[in-house]
Protein chains: 2
Amino acid sequence: MTLHTSQTILRKSLHHELVDRLQPLIINSELKPGTKIPEKQLCERFGVSRTPLREALKVLASDGLVRLEPNRGAWVTQVTQEEVDEVFPVLGALEALSGELACKHITDAEIEEVRALHAQMIRSYESRDLDAYFSVNQKIHRAILLAARNATLTTSCQALSLRMQRARYLANMSEGRWYDAVQEHEKILQCLVARDGPNLAATLLHHMDAKRASVVKWLQSQETTDAI
Amino acid sequence: MTLHTSQTILRKSLHHELVDRLQPLIINSELKPGTKIPEKQLCERFGVSRTPLREALKVLASDGLVRLEPNRGAWVTQVTQEEVDEVFPVLGALEALSGELACKHITDAEIEEVRALHAQMIRSYESRDLDAYFSVNQKIHRAILLAARNATLTTSCQALSLRMQRARYLANMSEGRWYDAVQEHEKILQCLVARDGPNLAATLLHHMDAKRASVVKWLQSQETTDAI
DNA sequence: CAGCGTAATTTTGAATTCATAATTAAGTCA
DNA sequence: TGACTTAATTATGAATTCAAAATTACGCTG
């Protein structure tokens with residue numbers, strides 16, 4: 001054991017590194033929702049022992065990405081409709097707050113950054129590049145979040161966002177919904193430029209609820225086929 | 001070792017049990033903010049090995065109650081003014097949402113429960129029993145939260161609430177602030193009875209901001225003396 | 001005696017080990 | 001064959017061990 005070659009990780013603390021490495025695996029569904037987490041396999045893959053891996057799993061469980069069953073191991077949580085109906089309203093409230101605060105603190109330079117991201121997102125929309133669209137979309141929401149200058153808000157938002165991300169990613173938007181989402185983003189940008197906090201908050205709230213509805217719709221269409 | 005006598009805990013998973021046991025120690029400042037967490041000592045106290053204790057510390061760290069310093073151990077986080085100014089607005093947004101949702105879902109029986117708790121809180125106020133007041137106060141907020149029927153909201157709220165709790169607990173309210181807080185609670189009850197969601201949301205938001213201001217004021221008064 | 005450098009000690013992080021619970025496989029009998 | 005037991009295997013949870021880092025204690029020098 002103890003192979004310190006190539007891929008093996010060693011940075012700060014192993015468990016923290018593992019949290020950062022496992023999250024993407026769960027989000028992009030390399031570790032499939034509802035499946036058991038192959039502890040041994042992941043230990044070998046990352047070249048670590050079970051101790052730090054298990055520490056990481058405890059943290060991921062407290063973030064809701066993993067479910068621990070006593071004496072039966074860890075499982076990737078499923079994204080259920082109930083969860084979506086729960087999480088999006090909370091996320092909505094937090095994003096609304098972030099919009100409110102962002103309008104108070106955002107600099108002109110940061111607004112320009114968002115404007116550039118927005119333009120890039122429009123291009124992704126026009127070329128129907130869903131991957132790129134999602135990625136830039138995330139960046140816009142994150143930029144607003146950062147402009148709010150509230151680390152706690154950022155952390156809370158991102159934790160919940162992560163949980164929804166794989167559902168959002170998997171959920172192919174309908175053409176109509178995609179169009180609407182882009183329109184909503186136009187308004188978001190306008191509010192930000194005008195530094196109209198209450199209006200931005202309301203817009204983000206609506207945006208989140210529309211996303212929720214879209215994801216739920218997709219989940220229901222999948223229900224007949226297979227659980228994600 | 002392995003003494004399975006008396007005090008030793010054995011329920012579900014040790015790490016989960018330890019999280020539940022350590023939280024109160026941190027909140028009531030038995031483990032003092034800014035101090036190092038005595039890993040060995042706690043292991044002996046709970047009759048467990050370091051492995052599950054360290055797992056628990058990782059979880060507490062992700063909740064912001066503990067700070068991990070690589071190779072230097074775990075420390076109880078301090079409640080700083082910056083943190084208070086960050087956390088209370090987030091908590092406000094979440095409590096506002098909980099009020100909104102509670103008005104939609106709360107049953108008559110649950111309203112009566114809150115009414116009873118409220119009466120009890122008034123009695124604690126009148127007899128200037130701060131401990132009892134805080135305890136019932138918590139229960140009221142929790143009752144509203146539960147009435148919102150949103151487990152994610154409950155979890156998020158409680159996590160942040162915990163972080164502020166020890167500050168709130170330590171912060172002796174001024175006589176004037178205490179009076180105002182009771183008045184705000186009167187209004188909260190009224191809104192709930194009337195099932196006036198928007199009004200309850202606004203009231204809770206204000207309530208949280210007033211709490212924030214009160215805690216900050218107290219923190220500043222302590223600044224000259226000693227950091228908590 | 002103050003400041004510095006080194007050795008001893010303690011603490012930490014992570015691997016390993018070990019007991020126990022859960023799962024799988026094998027065998028029994030109707 | 002198929003349900004039911006029981007034995008073998010595997011996985012989990014937690015204690016223990018071990019190497020490395022940090023802290024403390026000690027002694028030396030000026």
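The figures here come from the full heavy-atom set of this structure, side chains too, leaving out hydrogens, waters and symmetry mates. The shown structure was predicted, so the numbers you read here are calculated from the model rather than taken from an experiment. Here is the naming used below: chain letters follow the sequence lines, and residue numbers restart at 1 for every chain.
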Report summary line: Here the distance between atom P of D:dA15 and atom CZ of B:Arg54, to the nearest Å, is 14 Å
Query raised in the report: C:dT12 P sits how many Å from B:Gln41 CD, rounded?
Result: 12 Å
Query raised in the report: Where the side chain of B:Lys36 is defined as all heavy atoms beyond and including C-beta, which of C:dT11, C:dT16, D:dT12 is the nearest nucleotide?
Result: C:dT11
Requested in this report: Determine, stepwise, if the pair A:Thr107 / A:Glu110 fulfils side chain to side chain donor-acceptor pair (under 3.5 Å).
Outcome: CA-CA 5 Å; A:Thr107 64; A:Glu110 285 173 318; 3.3 Å; yes
Query raised in the report: Under 4.0 Å between a side-chain N/O of A:Lys40 and OP1 or OP2 of D:dA11, yes or no?
Result: yes
**Report entry** Ion pair A:Glu39/A:Arg45, N-O distance below 4.0 Å
**Finding:** no
Query raised in the report: Nearest to the side chain of A:Leu14, which nucleotide is it out of C:dA14, D:dA14, C:dG13?
Result: C:dA14
Query raised in the report: Quick one: CD on A:Glu86 to OG on B:Ser156, what's the gap to the nearest 0.5 Å?
Result: 9.5 Å
Requested in this report: Answer yes or no on whether A:Arg177 is positioned over the face of A:Trp218, meaning its NZ or CZ is under 6.0 Å from the six-membered ring centre and within 45° of the axis.
Outcome: no
Query raised in the report: Which value, rounded to the nearest 0.5 Å, describes the distance between B:Thr77 atom OG1 and B:Arg67 atom CZ?
Result: 7.5 Å
Query raised in the report: Atom CD of B:Glu39 and atom P of D:dA22: how far apart are they, to the nearest Å?
Result: 16 Å
Query - D:dA15 base / B:Thr51 side chain donor-acceptor hit below 3.5 Å - result: yes
Query raised in the report: Nearest of D:dA14, D:dG13, C:dG13 to any side-chain atom of B:Asn71?
Result: C:dG13
Query - Separation between CZ of B:Arg166 and NZ of B:Lys32, rounded to the nearest 0.5 Å - result: 13.0 Å
Requested in this report: Using a strict cut-off of less than 4.0 Å between a Lys/Arg side-chain nitrogen and an Asp/Glu carboxylate oxygen, indicate whether A:Lys58 and A:Glu55 qualify as a salt bridge.
Outcome: no
Query raised in the report: A:Ile37 CD1 to D:dT12 C1': how many Å, rounded?
Result: 14 Å
Query - Salt-bridge criterion met for A:Arg21 and A:Glu17 (N-O under 4.0 Å) - result: yes
Requested in this report: Kindly state which residues belonging to residues 55-70 of chain A come within less than 4.0 angstrom of DNA chain D, counting heavy atoms of the residue only, listed by number.
Outcome: A:Glu69, A:Pro70
Query - Salt bridge present between A:Asp63 and A:Arg163 (N-O < 4.0 angstrom) - result: no
Query raised in the report: What integer distance in Å separates B:His16:NE2 from D:dG13:P?
Result: 13 Å
Please write out each protein N/O paired with an N/O of nucleotides 17-19 of chain C under 3.5 Å, distance rounded to 0.1 Å.
none

Report task. Using atom NE2 of B:His15 as one end and atom P of D:dA15 as the other, report the distance to the nearest whole Å. Result -> 14 Å
Query - Interatomic distance, A:Leu42 CG vs D:dA11 C1' [rounded to whole Å] - result: 14 Å
